[in-house]
Amino acid sequence: GAVSATSNLKQVKLERESELRIEVSEEPLKLRVVNGTAEIFGSELPPEIWRTFPPRLKFAVFTWYGATIEMDGVTETDYTADETPMVSYINVHAILDARRHLAKASSPDDPVASQGPRVIVVGPTDSGKSTLTKMLLSWAAKQGWKPTFVDLDVGQGSITIPGSIAATPIEMPLDTVEGFPLDMALVYYYGHATPSNNVELYKALVNELAQVLDRQFVGNPESRAAGMVINTMGWIDGVGYELLLQAIDTFNASVVLVLGQEKLFSMLKDVLKSKSNVDVVKLHKSGGVVSRTGKVRQRARSYRFQEYFYGLSKELSPYANTMGFYDLQVFRIGGGPQAPRSALPIGSDPVSNPLRVTPVNIEDRDLLHSVLAVSYAEEPDQIVSSNVSGFVYVTEVDIRGKKITFLAPSPGILPSKILVAGSLSWLESVEAR
Ligand code: ATP
């Protein structure tokens, strides 16, 4: 705006165990700690150094012992709060820490005792699940553990893009702006923003991810002892609830943290009471959690795509690549064209197999603006059980020249010629400019 040249310096003094809650406006915000110590979602801010926070970010600067914060810029809102659930959250961390020490001290040959806590965070939408997950991971990493973060929320995709489930080791407290590291991530592409599009596929991928992690843990006592923190989606009734139970079971969760809903807590407590090795813990939702409408979530998804290809502040330029139609193969999982009833044997059900892999005709132009996953599968029938190396974004389909042009975040040839389509598309021209 017209006044952007003038500085908007503001100092805020925070008492012990209080936080400054900020919603960044459409302009970036600069912030630093001038006195004392403070952290953002479990990750400590270095003293004195200015950090720039991107537009629309919502976060809190929390202090255990008191701090003075300086802001430069105009925020959407900022206010201090001295009522937070942080003490209860850090108490959970302390218990997890003790369990990690026990696991580390056990013989690696004892698969049960050497396994650190496997924590799963559940709760309705906007209860602060992702935020609690970040805190637990950053606090653990600060103490030298390397816990594994597992993200099952296909709606947001905090490790990579929406539509995927993924896991990654966390070796350092999370960067307060950059979020989760991507370079060591194990990613499976589901292709839709909600599990309801293909529940069986979602389950199959969760299963696949859990098995691969289990295999990796066998040879890695350090990761085993540090355990996992699993973030889930906010869909908690009906099929959503069943999927939570499946995740708890598949990942062998030992601690279930229920945020902000009494009913879900008592339901889980009840179904899990026969399992003596699973603790179900109820935690309060923070008053600072910002609710998001469907439209805001939709926009957030677009920004995640933009971030993947262009970087957080559009500092990256993706690589354009053109390939002939016959140099690659695109597949879709489930829901492909169904055979007409007349073509099926009498008495059989025309419902398609949710895990069936069907080729997509590139010449339909339907792929324009879609995001495709680059699969590690060598054959189409390995697609469901294969993770993906990354994603490309289709910018042009040239029917006459039989060529397809796409953007990729890194240069060079694709590690595989098998691409997977879902139902997610992104209008880069609208969002990225
Ligand atoms: P979903 O179910 O959609 O994944 P969630 O339960 O994971 O949501 P979060 O993503 O953790 O919720 O929180 C929602 C938003 O509120 C985020 O933008 C987060 O940064 C913000 N937020 C969380 N806690 C605070 C706080 N104490 N102060 C300010 N903002 C906060």
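Each ligand, and each atom within it, is numbered from 1 in the order the structure gives.
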Check: Thr131 N/O within less than 3.5 Å of ligand 1 N/O: yes
Residue part near ligand 1, for Ser130, under 4.0 Å between non-hydrogen atoms: both
Ligand 1 contact on Asp153 by region, counting heavy-atom pairs under 4.0 Å: side chain
4.0 Å heavy-atom contact, Glu23 with ligand 1: no
Salt bridge (charged side-chain N to carboxylate O under 4.0 Å, His left out) partners of residues 169-188, not counting sequence neighbours, each pair once: Arg51-Asp175
Salt bridge (Lys or Arg N to Asp or Glu O under 4.0 Å) partner of Asp279, the single match among Lys269, Arg99, Lys273, Arg118: Arg99
N/O separation below 3.5 Å, Gly288 to ligand 1: yes
Any donor-acceptor N or O pair under 3.5 Å, side chains Arg299, Tyr303: yes
Polar contact flag for Arg292 and ligand 1 (N/O pairs, less than 3.5 Å): yes
Min N/O separation Ile22 to ligand 1 under 3.5 Å: no
Lys134 to ligand 1, any heavy atom closer than 4.0 Å: no
Asp97-Trp139 side chain donor-acceptor pair, cut-off 3.5 Å: no
Qualifying salt bridge (charged side-chain N to carboxylate O under 4.0 Å, His left out) pairs with a residue from residues 380-394, counting only residues at least two apart or across chains: none
Within-shell test, Phe62 vs ligand 1, heavy atom, strictly < 4.0 Å: no
Nitrogen or oxygen of Asn231 less than 3.5 angstrom from that of ligand 1: no
4.0 Å heavy-atom contact, Gly128 with ligand 1: yes
Ligand 1 N/O within reach of Glu19 N/O, cut-off under 3.5 Å: yes
